[in-house]
Amino acid sequence: MSDQVKVLVTGAGGFIGHHLVNFLKHEGYWVRGVDLKEPEFHATRADEFELLDLRRWDNCLEATRGVDEVYALAADMGGMGFISSHHAQILHNNALINLHTLEAARVQGVKRYLYTSSACIYPEYKQLVTEVTPLKEEDAYPAQPQDAYGWEKLVTERLCTHYREDYGMETRIVRFHNIFGPLGTWQGGREKAPAALCRKIALAKLAGSPEIEIWGDGEQTRSFCYIDDCAAGLYKLMRSDYCKPLNLGQDRMVSINQLADIIADIANVPIVKKHVHGPQGVRGRNSDNTRLNEVLGWAPEISLEEGLQRTYAWIEARVIRNYGKPPQRLLETEVAALLGHAV
Ligand code: NAD
């Protein structure tokens with residue numbers, strides 16, 4: 001067992017981190033998970049799990065001790081509602097997390113370091129229409145991310161590049177495009193569009209009331225990638241020798257209205273969309289997967305419908321468990337909690 005590769009996953013209490021720990025355990029790694037919180041829905045399979053605030057340098061040194069590789073996922077983040085209204089907090093917290101985790105990894109002699117960036121780094125001026133041209137990695141510059149979240153990701157991408165050039169650390173950089181799946185945040189304000197829509201449609205079904213709220217006109221477009229493909233892609237990138245930023249997402253673009261229709265079909269329930277004012281992010285975004293295919297000889301394989309089927313089933317079960325009483329007995333505050341976070 002002593003020659004087992006030791007890996008740290010930061011953000012292991014979160015959505016992608018928890019799934020990645022499972023994936024790495026399945027691959028035979030020794031895994032330490034670190035987060036501010038334990039996974040919310042299932043116990044972790046990590047060999048060690050430490051509750052540490054990675055904004056602090058001493059905690060980063062502790063987290064990175066004795067590991068060969070780091071998957072850096074910890075971030076203060078959420079869906080559009082959160083990202084568009086917490087700029088200072090996000091930039092401050094994530095900058096501290098990433099500056100300290102990367103430097104601690106260097107001090108501790110970590111050999112490989114994978115940083116999870118985001119499609120949010122791409123410039124707003126390339127994403128002004130719904131029928132947008134898919135984004136290639138080189139489209140990142142001249143830089144003009146929409147939110148502080150994207151600016152911080154861009155700076156940490158550069159930091160990883162300089163650590164490789166100046167210190168010889170093998171850094172990898174992935175840009176996720178909307179990852180979704182079971183065991184993710186589905187209510188409370190940090191949830192993303194797929195989870196929010198699954199929750200609203202499950203509630204509409206439970207309450208027998210077809211109306212669901214959608215932020216904006218719902219014509220804004222995105223691509224959505226299922227979590228199992230995300231974990232597989234992360235692992236392939238870490239094992240590859242590719243050190244520049246790489247998109248990881250699906251390249252099938254749908255509007256938020258279409259996403260809602262697909263979920264309603266899966267739920268087998270009629271819906272009426274009520275378009276309300278709310279943050280929508282950029283108008284259109286899609287991933288150009290040319291380089292992903294070239295570098296990894298692979299691209300995400302799980303269809304949107306299949307991924308949504310699994311995600312909807314999981315969220316519907318949670319809605320029923322949490323709110324599964326006759327609709328007239330739902331408290332007003334419960335309905336507000338469920339309906340109040342549109343996409
Ligand atoms: P998540 O919010 O579920 O997980 C992030 C985890 O980081 C959380 O569990 C949180 O508690 C932890 N964290 C926050 N502050 C911390 C701190 N100070 N110390 C230690 N841990 C801290 O998010 P996720 O969807 O699993 O995202 C994982 C990574 O992927 C993040 O870096 C995110 O920015 C990036 N990303 C995700 C998506 C997506 O669609 N989910 C898209 C683009 C980029």
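In each ligand, atom 1 is the first atom listed, and ligand 1 is the first ligand listed. For the single chain, residues carry numbers from 1 onward in sequence order.
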Q. At a 4.0 Å cut-off, with the gap strictly under it, does some heavy atom of Phe180 reach an atom of ligand 1?
A. no
Q. Looking at ligand 1, does Lys153 have a heavy atom less than 4.0 Å from it?
A. yes
**Q.** Atom indices of ligand 1, in the order listed, that fall short of 4.0 Å to a heavy atom of Leu73
**A.** 28 (C), 29 (C), 31 (C), 32 (O)
Q. What do you reckon, does Thr185 put a non-hydrogen atom under 4.0 Å from ligand 1?
A. no
(Q) Please report the interatomic distance OH(Tyr149) to CE(Met80), rounded to the nearest 0.5 Å. (A) 11.0 Å
(Q) If you define the side chain from C-beta out and look only at heavy atoms, does anything of Arg285 sit under 4.5 Å from Arg222? (A) yes
Q) Does Asn178 approach ligand 1 within less than 4.0 angstrom via side chain, backbone, both or neither, non-hydrogen atoms only? A) backbone
Q. For atom 27 (O) of ligand 1, which protein heavy atom lies nearest, and how many Å away is it?
A. Ile16 CD1, 3.8 Å
Q) Looking only at non-hydrogen atoms, which of Cys230, Ala75, Gly11, Ala119 approaches atom 13 (N) of ligand 1 most closely? A) Ala75
Q) Is it the side chain (CB and beyond), the backbone, both or neither of His177 that lies under 4.0 Å from ligand 1, heavy atoms counted? A) neither
Q. Could you go step by step and tell me if His275 and Asn257 meet the side-chain hydrogen bond (donor to acceptor under 3.5 Å, both in side chains) rule?
A. CA-CA 10 Å; His275 294 105; Asn257 286 331; 3.0 Å; yes
Q. Who gets closest to atom 44 (C) of ligand 1 by heavy atom: Cys225, Cys120, Ser117, Ala12?
A. Ser117
Q) Tyr163 and Tyr113: aromatic ring centres closer than 6.0 Å? A) no
Q: Closest by any non-hydrogen atom to atom 36 (N) of ligand 1: pick that one out of Phe176, Phe82, Phe15, Tyr115.
A: Phe176
Q. Is the closest basic N to carboxylate O distance between Lys153 and Glu157 below 4.0 Å?
A. no
Q.
Please tell me whether Asn22 and Arg45 have a donor and an acceptor in their side chains that are separated by less than 3.5 angstrom.
A. no
(Q) Between Arg190 and Asp76, does any side-chain N to carboxylate O distance fall below 4.0 Å? (A) yes
Q. Is it true that Leu96 lies under 4.0 Å from ligand 1, counting heavy atoms only?
A. no
**Q.** Glu40 CD: over 12 foreign heavy atoms closer than 6.0 Å
**A.** no
